[in-house]
Number of protein chains: 2
Amino acid sequence: MTIEQELVKKLRSSNLRPTKQRLEICRVLFDRQKTFHFTISDLAQILNEKSKNKISLATIYNTVDVLKSKGHLKEISINSDKTFFDTNISNHHHFFNENTNELTDFYDEDISQIKIKKNIPGKKIKSVEVLVKVANNN
Amino acid sequence: MTIEQELVKKLRSSNLRPTKQRLEICRVLFDRQKTFHFTISDLAQILNEKSKNKISLATIYNTVDVLKSKGHLKEISINSDKTFFDTNISNHHHFFNENTNELTDFYDEDISQIKIKKNIPGKKIKSVEVLVKVANNN
DNA sequence: ACAGCAGTTTAGAATCGTTATAATGTAGAA
DNA sequence: TTCTACATTATAACGATTCTAAACTGCTGT
């Protein structure tokens with residue numbers, strides 16, 4: 001399947017018609033090798049630089065919201081200034097570089113196995129994610 | 001030392017004069033047995049109910065910001081709608097109940113020891129915190 | 001192919017949390 | 001008590017996000 005077909009499929013599976021705006025957004029999000037961490041304004045800026053006819057902010061918000069609710073994007077909370085999203089939707093962990101505000105993914109194989117020894121009655125664990133904050137020594 | 005003296009000390013150590021508004025805020029925050037998780041609007045509402053003369057939102061924001069920057073409060077990021085604060089400033093972990101949006105603390109003794117097997121060159125780990133999302137089974 | 005409609009995009013207004021402003025009030029040192 | 005630097009306040013400003021309603025378009029049925 002070509003990338004373009006993948007993108008269309010992703011949109012259709014979210015009950016979104018593959019319009020040119022949405023495809024443009026999806027290309028930025030998903031047509032890349034590495035995980036992409038972004039805010040709406042990052043994305044809007046990239047889209048503006050990339051294409052001649054600009055896409056309305058409302059469309060960007062709507063598309064990202066739907067992609068998120070359908071599980072194609074994940075929201076990550078590091079600080080509360082802005083909402084970050086992640087194209088890596090697997091259960092994974094983050095390094096947060098306090099000096100540069102950069103995020104780096106890491107996976108279960110990079111951490112010792114985590115066992116939670118306490119539970120909340122009547123509740124089931126849905127996810128376990130670790131946030132490691134790092135900074136320069138000085 | 002009485003609670004009231006503790007509160008005054010906490011304010012003075014933050015370079016804040018112990019005014020009646022600030023003391024009122026600190027009583028709500030720190031004069032309690034259990035950890036308190038709150039948003040600014042939670043706090044504002046409690047303060048309004050509690051005392052006759054209401055405290056300006058600006059004062060609440062300023063006081064909380066300073067207390068946070070001086071390490072008497074901790075900011076926690078769960079979702080990005082609102083900024084949450086925590087009176088528990090120790091390194092600890094959270095359960096987030098997706099059904100009720102409630103937060104519960106848990107500590108290192110409630111989890112297996114965590115070893116990070118990867119590192120970021122030139123950076124030092126400042127904190128490791130785990131977020132466990134839980135929800136009803138159905 | 002194309003008409004028609006449901007779904008989409010858009011600019012701009014509205015909203016909400018948070019921060020800034022500037023006038024008035026007050027804690028605390030002398 | 002007086003004075004000054006710090007605090008408080010109401011309100012304005014701001015920025016991210018959501019809403020609105022009018023114009024536009026993909027897609028289905030013909």
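In the text below, chain A, chain B and the rest are named by the order of the sequence lines, each starting its count at 1. Since the structure is predicted, the reported quantities are computational estimates derived from the model, not experimental observations.
Here dC27(D) is the nucleotide among dC27(D), dT9(D), dT10(C) with the atom lying nearest to any side-chain atom of Arg12(A). Distances from the side chain of Lys54(B) to the nucleotides dA10(D), dT9(C), dG28(C) place dA10(D) closest. Between dC19(D), dT9(D), dT18(D), one nucleotide has an atom nearer to the side chain of Ala58(B) than all others, and that is dT9(D).
Residues that satisfy the side-chain contact (heavy atoms from CB on, under 4.5 Å) test with Lys54(A), not counting sequence neighbours, are Asn48(A).
Regarding Phe85(B), its CZ atom lies at a distance of 11 Å from the C1' atom of dG17(C), rounded to whole Å. If you take CD1 of Ile60(A) and C1' of dG15(D), they are 16 Å apart, rounded to a whole angstrom. dT17(D) atom P lies 11 Å from atom CZ of Phe38(A), rounded to whole Å. The interatomic distance linking Asn48(B) (CG) with dT9(D) (P) rounds to 11 Å, in whole Å. One can place CG of Leu57(A) at 18 Å from P of dA14(C), the figure rounded to the nearest angstrom. The nearest whole Å value for the distance from the OH atom in Tyr61(B) to the P atom in dT19(C) is 7 Å. Per the geometry, CG belonging to Asn62(A) stands 17 Å off P belonging to dG12(C), to the nearest Å. One interatomic measurement links the two molecules: CG of Leu11(A) to C1' of dC27(D), which rounds to 15 Å at whole-angstrom precision.
Salt-bridge check for Glu24(B) with Arg27(B): passed, with a basic side-chain N closer than 4.0 Å to an acidic carboxylate O. Using a 4.0 Å cut-off between charged side-chain N and carboxylate O, Lys124(B) and Glu98(A) make no salt bridge.
Contact annotation: Thr83(A) side-chain N/O to dT17(D) OP1/OP2 distance is under 4.0 Å. For the pair Ser56(B) and dT8(D), the criterion of a side-chain N or O lying under 4.0 Å from OP1 or OP2 is not met.
Under the 4.5 Å side-chain heavy-atom criterion for ILVMFWY residues, no single connected hydrophobic cluster contains both Val134(A) and Phe84(A).
The local environment of NZ in Lys117(B) is crowded, with over 12 non-hydrogen atoms from other residues, nucleotides or ligands closer than 6.0 Å. A 6.0 Å sphere centred on NZ of Lys9(A) holds no more than 12 heavy atoms belonging to other residues, nucleotides or ligands.
Formation of a donor-acceptor pair under 3.5 Å by the Ser112(B) side chain with backbone atoms of Gln113(A) is found in this model.
Between His92(A) and His94(A), the ring-plane angle classifies as perpendicular under the 30° and 60° cut-offs.
Note that the two end axes of the helix from dA1(C)-dT30(D) to dA30(C)-dT1(D) enclose an angle of 30°, each drawn from 5 base pairs, rounded to 10 degrees.
Listed by residue number, Arg17(A), Pro18(A) are the residues of residues 14-26 of chain A with a heavy-atom contact under 4.0 Å to DNA chain D.
Within the nucleic acid shown, Asp65(B) comes within 4.0 Å of sugar-phosphate atoms alone, with no base atom in reach, counting heavy atoms only.
A cation-pi geometry, defined here as NZ or CZ lying under 6.0 Å from the six-membered ring centre and within 45° of its normal, holds between Lys10(A) and Phe30(A).
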